[in-house]
2 protein chains.
Amino acid sequence: MIKCVKCGEVDGIMKAGYVRGKQRYLCKLCNYYFTCSEKDDSAQSLLRKKRHQTTIIDIAKSLGVSNSTVSRALHGHADISPDTRQAVLDKATQLDYQPNQLAYNLVKSKTNTIGMIVPEFHNPFFPNVIIGAHDILTKAGYNLTIMQSNESYQVEISNTKAMLANRIDGLLISLTQETNNFDHLSVFEKRGIPLILFNRVCEEIDVPKVVVNDFEASFLAVEHLILNGYERIAHLGGPLTLQVSQERLRGYKAAMEKHGKSIDDHMIIQGMLTQQKARIYGQYLLDLADRPDAVFAVNDSSAIEIMLIAKEKGISIPDELGVVGFSDNPESAYIGPGLTTVRQPTLEIGRTTAEWILQLVDSEDLNLHERKILNTELIVRGSSRRSCVL
Amino acid sequence: MIKCVKCGEVDGIMKAGYVRGKQRYLCKLCNYYFTCSEKDDSAQSLLRKKRHQTTIIDIAKSLGVSNSTVSRALHGHADISPDTRQAVLDKATQLDYQPNQLAYNLVKSKTNTIGMIVPEFHNPFFPNVIIGAHDILTKAGYNLTIMQSNESYQVEISNTKAMLANRIDGLLISLTQETNNFDHLSVFEKRGIPLILFNRVCEEIDVPKVVVNDFEASFLAVEHLILNGYERIAHLGGPLTLQVSQERLRGYKAAMEKHGKSIDDHMIIQGMLTQQKARIYGQYLLDLADRPDAVFAVNDSSAIEIMLIAKEKGISIPDELGVVGFSDNPESAYIGPGLTTVRQPTLEIGRTTAEWILQLVDSEDLNLHERKILNTELIVRGSSRRSCVL
DNA sequence: TTGTATGCGTTATCAG
DNA sequence: CTGATAACGCATACAA
């Protein structure tokens, strides 16, 4: 089809990239490069004509000053004559100038953006943390970019890469249940990008951490059950890869031991509690010959699943079965007879992480904080309050 | 001090900026630029060395090739010798190269980021929409930046400005209840940045919109109450500045009229339904002499507040009072005797808006869509199911 | 007080 | 297949 414009041959022609949207060819015979300028010029050029945005240079030109003058005027720098500044400002609004944050960021190598990676979005926990962090960051003039790892280590890695590529100024992260290698996080340390772990933390990496008193909370929750006369308390725990799960298990065991209750292994089930799993585990527990008379679940959705199963089986709550959850989801207040649960200070978690990251971003003092342990609150409702006992 | 490296003169030398951390000079006499590589390299370079990130140039240098070659190799462009490419790739991982998205974006004037502005974060509605949109966008290689207007017109304006400044490729927005001027949105049209409204939409601006069948849903909800034998049905509506509120009110009225029920103005209350307001309005309604025997509320939290008030007053649900809400919050399934409500396809709303914005971003065809009306589902629970009637 | 010249890290263009 | 070099839009050190 294509003939060499030099030697006229058609055999040795091969494609050689693009030039200005046009196909470029190389004639192997005479070793000559050329482009084929036929057709489709209209559509192409129309596409390329991307609306020009007003830049600092446009203002400078139309005012007959230099772009640095415009830049200074725009930023309220000192040493600018009031007249010039006013002129610039007027022109800017007149031309509807919008600063290009991208270019600014490139120059300053700073984005005024904090990143946040959360493992899931299904429980209200993380959205609430976001509300808290968002509040603080917005007031400080920072943006918040949120990503979701979806409980996948691989996705978490790609998220952190994206965060890195986008040059966020700091990262707030809650790990997935799969994460047991932390190289993707140490990169941030090497780069000098502040990093804070919250909720799903690990010990392998030395950065500030914000958590709640999981151990104590669980201890008190289980003790509460014991004080209400429950004897055989089962524990429906999260995956032991998570520190929160370990802590809550530890709290459970400590309370049981303190009160001289035996800890039966078959009364403890750990795992990722999807609704399906919660149902399976719950069925198993409630079908046991030595059925537990109480269950301490690691989250509210599982606790509620337990309650539903109990209702189906005609097991009365709280008389025949006590239930305690964790997190105080909205529905827990309403399900009959009310689910006793541990309320987490979600907003405060968000606010604290945000405040800390701001300090780190501004001060470069990376050793500022160690670990903040926020307090939870046991919300006692009907599911654990036995009328008959003390 | 400084001699021109070319003509040897010292008089015409003047500073001329920096090159890679070294002072650059210009000899006015022979018009020759050169850099002086002497002294103070330590302090200066240390300061500038602000944790230098590996760049494309570092790779090029250490490999003795040009940066364009590196760029091409990195992007898998054609016309690269396999050896070169492999060398570049190896070097890149060896030096732990992370592309600078900022610079990329600046050149391409494209950020691969979609912005989303939502009015609130307290109900699960918007978080769920986010889940849906996030899913689609992530798979398409886009980031999602979320901002929250907090029901404030002013904040919404500043949010849109920030989005503009950050050069997002497209915007998904749900308006605040205060928004009645739309200049901040038409800016996006002028700039050629795709924009999609969802849930909280308006007619003043001609862009694609994604909503649910509010009118029909409300109509069916109220008709459902009527068919269950309720006579005096009150409506607790949202602020009439919102189109959703208007539509739901319209649906309510249409159903009432169709079934020959009188529409009493004092049975209709519109406003921003904070929990406090919901309680005040609810008290008012249930204290009326001609107390309504059913309430159709514009959201679940208000409906639940009504149910709580009724319980306090000893009004039995559903026999003495029927209640229907909107949105199917998690707690609605659990509050006794279950709240009848309209389930919204939140994930699908998110997915649809995301898919549309991707099409707009890619195709430049801004007239692609008009308005998508997604279907809701009436979830009938105990709060409206009178045993005595048909 | 203002202008000049440079760099930030990439991609695209053009030339071999 | 590869290398120079010009954008991209802005901030800033220095010179004037």
Side-chain angles (χ1 to χ4, degrees), chain A residues 14-22 24 26 28 31-35 48 50 52-60 63-75 77-85 87-88 97-111 165 167, chain B residues 13-26 28 33 35 44 47-48 50 52-60 63-75 77-85 87-88 97-111 165 167:
Chain A
M14 48 183 290
K15 292 190 176 183
Y18 285 90
V19 174
R20 289 216 144 268
K22 284 178 289 186
R24 190 189 190 215
L26 166 63
K28 279 285 190 185
N31 201 37
Y32 184 73
Y33 285 94
F34 61 96
T35 58
R48 322 206 139 256
K50 293 217 162 188
H52 173 72
Q53 297 273 31
T54 305
T55 75
I56 221 170
I57 299 180
D58 297 325
I59 300 180
L63 240 46
V65 299
S66 80
N67 44 357
S68 38
T69 302
V70 175
S71 173
R72 281 186 285 246
L74 254 26
H75 286 286
H77 271 215
D79 298 341
I80 279 276
S81 85
D83 294 350
T84 320
R85 142 176 295 142
V88 169
Y97 168 75
Q98 289 286 343
N100 187 326
Q101 197 73 28
L102 260 46
Y104 177 91
N105 294 341
L106 182 59
V107 171
K108 307 283 268 185
S109 69
K110 184 170 187 307
T111 55
R167 296 316 201 250
Chain B
I13 303 298
M14 47 184 289
K15 292 189 174 183
Y18 285 91
V19 174
R20 292 223 144 263
K22 283 179 288 187
Q23 182 64 56
R24 188 185 189 221
Y25 296 96
L26 165 62
K28 279 285 191 183
Y33 285 96
T35 60
Q44 271 287 12
L47 255 177
R48 325 205 135 254
K50 270 225 160 188
H52 174 71
Q53 298 272 31
T54 305
T55 75
I56 224 169
I57 299 179
D58 298 325
I59 301 179
L63 239 47
V65 298
S66 79
N67 46 354
S68 16
T69 301
V70 175
S71 174
R72 280 186 286 247
L74 254 25
H75 286 284
H77 270 218
D79 298 342
I80 279 278
S81 84
D83 294 351
T84 321
R85 141 176 298 142
V88 169
Y97 168 75
Q98 288 288 341
N100 187 327
Q101 197 72 29
L102 260 46
Y104 176 89
N105 294 342
L106 182 59
V107 172
K108 307 282 267 185
S109 71
K110 184 170 184 310
T111 55
R167 296 314 199 252

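A note on names: the letters A, B, ... follow the listed sequences, proteins ahead of strands, and every chain is numbered from 1.
Between the CZ atom of A:Arg85 and the P atom of C:dT2 there is a distance of 10 Å, given to the nearest Å. Taking atom CD1 on B:Ile80 and atom P on C:dA12, their separation rounds to 13 Å, with Å as the unit. Distance A:Asp58 CG to D:dG9 P: 9 Å, rounded to the nearest Å. Atom CD in B:Gln98 sits about 19 Å away from atom P in C:dC8, given to the nearest Å. Note: CG (B:Asn105) to P (D:dC10) measures 15 Å, nearest angstrom. Here D:dC8 presents its C1' atom at 13 Å from OH of B:Tyr104, a figure rounded to the nearest Å. Whole-Å rounding puts the B:Asn67 CG to C:dT11 C1' distance at 10 Å. As a whole-Å value, the separation of B:Leu106 CG from D:dA11 P is 12 Å.
Of the side-chain N and O atoms in A:Ser66, one or more sit less than 4.0 angstrom from OP1 or OP2 of C:dG3. Neither OP1 nor OP2 of D:dC10 sits under 4.0 Å from any side-chain N or O of A:Ser68. Phosphate proximity of C:dT11 to B:Lys110: absent, as no side-chain N or O sits under 4.0 Å from OP1 or OP2. Within the 4.0 Å cut-off from OP1 or OP2 of C:dT10, not a single side-chain nitrogen or oxygen of B:Ser71 is found. The phosphate of C:dC8 (OP1 or OP2) has no side-chain N or O of A:Ser109 nearer than 4.0 angstrom. Contact annotation: B:Thr84 reaches the phosphate of D:dT2 (side-chain N/O to OP1 or OP2, under 4.0 Å). The side chain of A:Thr55 places no N or O atom within less than 4.0 Å of a non-bridging phosphate oxygen (OP1 or OP2) of D:dC8.
For the side-chain contact (heavy atoms from CB on, under 4.5 Å) test with A:Leu74, the passing option among A:Ile56, A:Ile80, A:Thr69 is A:Ile56; the others fail.
Projected onto DNA chain D by closest heavy-atom contact, A:Ile56 and A:Arg72 fall at different nucleotides, the more 5' of which corresponds to A:Ile56. Sequence order on DNA chain D of the closest nucleotides to A:Asn100 and B:Pro82 puts B:Pro82 first from the 5' end.
With rounding to the nearest 0.5 angstrom, the NZ atom of B:Lys108 is 11.0 Å from the CD atom of B:Gln101. A distance of 4.0 Å separates OG1 in A:Thr55 from CG in A:Asp58, rounded to the nearest 0.5 Å.
When the nucleotides D:dC10, D:dC1, C:dT2 are ranked by their closest atom to the side chain of A:Tyr97, D:dC10 comes out on top.
Residues A:Pro99 and B:Arg167 come closest through the heavy atom pair O-NH1, 3.3 Å.
Side-chain contact between B:Asn100 and A:Leu106 is present, with heavy atoms from C-beta onward closer than 4.5 Å.
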